[in-house]
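Letters go in sequence order (proteins before strands), and every chain restarts at 1.
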Amino acid sequence: MKMMTLTQTTVAFVLLLGVPPASAQGTLALPTSKLTQNRAPEAIGRATTASAAAKSAGKLAEWWNDLGLSVAVNRSLHEQDQNVASLLSSSGQPGVLLYAQIERVNGPGAPVYYLVGDRVELVGSGTTAEEVYFASAQRDRLVPARTDAEFDLDHSYFMWVTRSGKTIQVKNIPAMFVVYPTAQKLSDAKLKESVNAASDAQALSRAVDYMELTTRDASIKKRIAELKAQQSETNRQVDKIESDLQQEMERVRKAQAVSNRLATMAMVLTVANQVATASGYLGSDAGPSINDARTPEELKASVGKMLSTAVQRRDALEVKYRAAADQQSGQRTQYLQILTTGKYPTDSVPQIRK
Amino acid sequence: MTALTRRSFVNGSASLLLGRSAILRTGASALALTTASREANAWVMAALAIGSMVAGLIANNNRSDGGAMALLTANYELLKVALRKLDHIESQVVEILEDIKKLPDEIDRRLKQENTRRLEIELNAVIVGYIEKLNQKDPQQSFADWRVSKQTMDDVRGLLGRLQKSRQELKTEGMIDPATAIVVSPLAIVEHSLLNILQYRPAEIAATLNQVYMPWFDAILDPKNSMSAADYADGAASRLAGLMKRAAEHPLGKALSMRPGSTLLVGVGVNDITPAHKEETNQSVCTGRNYSSLEELEQETELPRPVSFRATPGSGVRYPAAQEANEVCRPIMRDVGARIGPRDRLAQDAILTEKEFVAPSGKASGLMLLDLMLSPERRGLAGTSDVPEDKQSTVVNADLRDPGARAAFMHKSKAWTDAHKSYEEFAVLIDAINAERTRFAFGMAAMVAVETAKHNINQIIRNYGR
């Protein structure tokens, strides 16, 4: 056995396979061949424990059996039952994600399949299967891998465990449906930041709400209430700054776009058309000095002034934004402290523990 | 608007390219290759210059709300006016896209996506359908009632379905070129109008505008996208800068400093001169002597040769026969001075002007194009004001008394043909400059159209958010 860095390897593997391009609507089009071959049937099982629910999903159990993995999967799920139940009741999150990752050894005959690490991995609890995996994939972790084994994404899949009353429901999700989008997200830093921040904030918010609702410690309740009030004010400030910043960045973008092309415009267009083009492009941001410019030189000076003013404002807002974001970060730290004090299972909620 | 043809373009654009066409037809040294290229550039200029004007109309229309407010305030007449205006513009877009399809240059390949034309045709059909629907309204029925009637909703739902189906099926993610830009910006406004009339929830309308059109607009405006309108405009600007540099380094560009004006293209001249020489008179000088043979006579005598001789048997050569024996006669020569005829000169200028492109409809476009022309030939005698000084001309002496022969001689001279070859090279550069200017104007106008639509849609989204 050797140790492999799981997340990096998986993501690299997926990227090598080629991340399918995002369509205009941002949904992922998976390669058809990947969808049709060797995919586990979609199945939902319901029972009082996760392992029993998985077993009750008939087609799913058959699938494991065909791969020769039903004993290993059932044993591992059984071992995780307690942890899963505990997380479902103590995290305040809607679900728990399990990952049955498969590795394949190609021998002289038929390939042999194994569970990576000989167990179903408990990824953690959180908002959705994709978001939990995404948060978890931010961290590298070491897993044992068999010599000559290859990760087999086609045969791997996730189980998303939720609870409704006393019933535990397990839904299987082909790994590629989660891993491909995750790889896509990881390859897009901007998207990663926004999705990360939004889903993590949602997870933290759920945890805090849950703590506020369930704790019997009055001081914790009080601290949470105070922090929430502070946070609300900070969020309001951040929203305002973000909105102003967005507008200012838009102004900078437009002024930059016009400024970059003024020299060519002066060569190609009549003065009236230069002014009309600049005014049209800048819209309501074009002040009278741009709309009433009478020479290319006047136009250049006015656009230059607008650009430098917008850049200054943008820079000032960025400083304000960073200060407000620091405040938010401080509040997050305080929330985490409260969660720790209240014995919240922070380490098992990847979206929070980072 | 009539369909744009090369003929209507050339006729309609006054003298701007007419002069060039005349030169192309008559230019003695026009090369086949460059002629083809210049014809191609003329097409680019024709189609895209008008395209940029239509894009300007679209930008103006996008600046308005395309009838959104008329809808909200239940102003039936205003909505009809807005839609008719849009229909008129879109009909022009259909024609422009037809013309763009014929552009020969590889640079413009991105403008010729079939899906853009199909999207435009669908958009146009939806606008026409929308207008028809409005026209069918019973005058007795209030606009508010008409708007919410089942029949109206069903018909408008059909129009929206058709528009959305085309948008979704035509794989629009790669369509970010300027030609698509002038289609997509009104598309957004029309779709919004239809969603609004169907009373979609504000959040849904805002989501459609935000998720479908805003990223589309951003991609069109992003110069980092290699097929975008912004990249098209910037590519033209970059090529234009390179061409301007090349033109400024060309001898004619240097002489003109690449500014409107004129410069001497070529001056040639012929000095009609017959050099000084000797000429026979009709008088002779005779000397007498006997020669034993003709050879002896030839050895001794000098030119000019004797006018005649006769051999007399037994008495040697007697010459000339008519004269006395032993006498040689030679004609008397006289000096003739040089003849100085006319000092004929021929010159031609290259004229560079810059004019605003005027569409066949007579509408000025705001686009400035260069026009390079040859002046009429100037012919006159050296030293007169009609022709350049001799130090600026290539002059040769030749015995050419006939004025027609002198003109033909000057037209065939190396200096004249070399200068016209250089002119043709420069003209090709000027045409390429004009083509890139037009491309820039088209790309920029398309960007303005999208930017104004983006601004407008942003405001609509904000309004829904309130």
Side-chain angles (χ1 to χ4, degrees), chain A residues 20-29 184 188 190-191 194 239-240 242-244 246-287 290-291 293 295-296 299 303 306, chain B residues 52-53 55-56 59-60 62-63 167-168 171-175 211-213 215-216 218-219 221-223 230 233-234 236-238 240-241 244 258 354-357 364-370 433-434 436-441 443-445 447-456 458-459 462:
Chain A
S23 73
Q25 279 73 35
T27 53
L28 285 165
Q184 177 73 43
D188 185 338
K190 195 178 169 187
L191 186 63
S194 59
D239 285 350
K240 171 81 173 64
E242 264 183 350
S243 162
D244 291 351
Q246 207 176 355
Q247 280 185 25
E248 218 54 67
M249 285 168 83
E250 187 66 2
R251 243 178 235 128
V252 170
R253 181 191 66 77
K254 288 198 287 187
Q256 193 81 61
V258 171
S259 177
N260 287 346
R261 296 173 177 99
L262 273 180
T264 312
M265 281 163 59
M267 190 195 298
V268 171
L269 305 175
T270 58
V271 177
N273 201 327
Q274 289 170 49
V275 173
T277 301
S279 296
Y281 204 93
L282 298 169
S284 55
D285 291 325
I290 289 172
N291 295 335
T295 63
L299 184 63
V303 172
M306 176 190 160
Chain B
S52 71
M53 293 171 73
N60 277 334
N62 289 349
R63 205 164 287 131
R167 174 165 65 65
Q168 284 156 4
K171 298 189 185 309
T172 51
E173 59 260 47
M175 290 163 58
Q211 289 166 17
V212 176
Y213 288 104
W216 203 347
D218 287 342
L221 295 170
D222 186 352
D234 289 353
S238 163
L240 177 59
M244 285 298 286
M258 282 313 288
E354 196 171 27
K355 293 176 186 167
E356 186 174 359
F357 173 79
S365 66
L367 166 65
M368 299 298 287
L369 295 179
L370 294 171
I433 285 169
N434 282 338
E436 297 304 350
R437 283 185 171 200
T438 317
R439 287 193 179 102
F440 175 81
M444 200 68 211
M447 286 171 72
V448 173
V450 169
E451 194 67 62
T452 49
K454 187 180 166 188
H455 180 75
N456 210 345
N458 248 330
Q459 280 198 324
R462 272 202 290 275

Those residues of residues 246-255 of chain A, ordered by number, that approach chain B below 4.5 Å (heavy atom to heavy atom) | Glu250(A), Arg253(A), Lys254(A)

Side-chain contact, heavy-atom cut-off 4.5 Å: Lys454(B) with Leu221(B)?
-> yes

Closest approach of Ala230(B) to Met447(B) (non-hydrogen atoms, all atoms of both residues) | CA-SD, 3.5 Å

Residues that Asp239(A) engages under side-chain hydrogen bond (donor to acceptor under 3.5 Å, both in side chains), provided they are two or more places apart = none

Can you run down the side-chain hydrogen bond (donor to acceptor under 3.5 Å, both in side chains) pairs that involve residues 268-278 of chain A, sequence neighbours left out, and say none if there aren't any?
-> Asn273(A)-Thr277(A)

Heavy-atom donor-acceptor pair, Ser365(B) side chain to Phe357(B) backbone, under 3.5 Å = yes

If one checks every heavy atom of Ala364(B) against chain A at 4.5 Å, the contacting part turns out to be neither

Nearest-0.5 Å distance, CG of residue Asn434(B) to CE of residue Met368(B) = 10.5 Å

Applying salt bridge (charged side-chain N to carboxylate O under 4.0 Å, His left out) to Glu354(B) and not counting sequence neighbours gives Arg437(B)

Of the listed Ser284(A), Ala257(A), Gly283(A), the one with the largest count of heavy-atom pairs under 4.5 Å with chain B is Ser284(A)

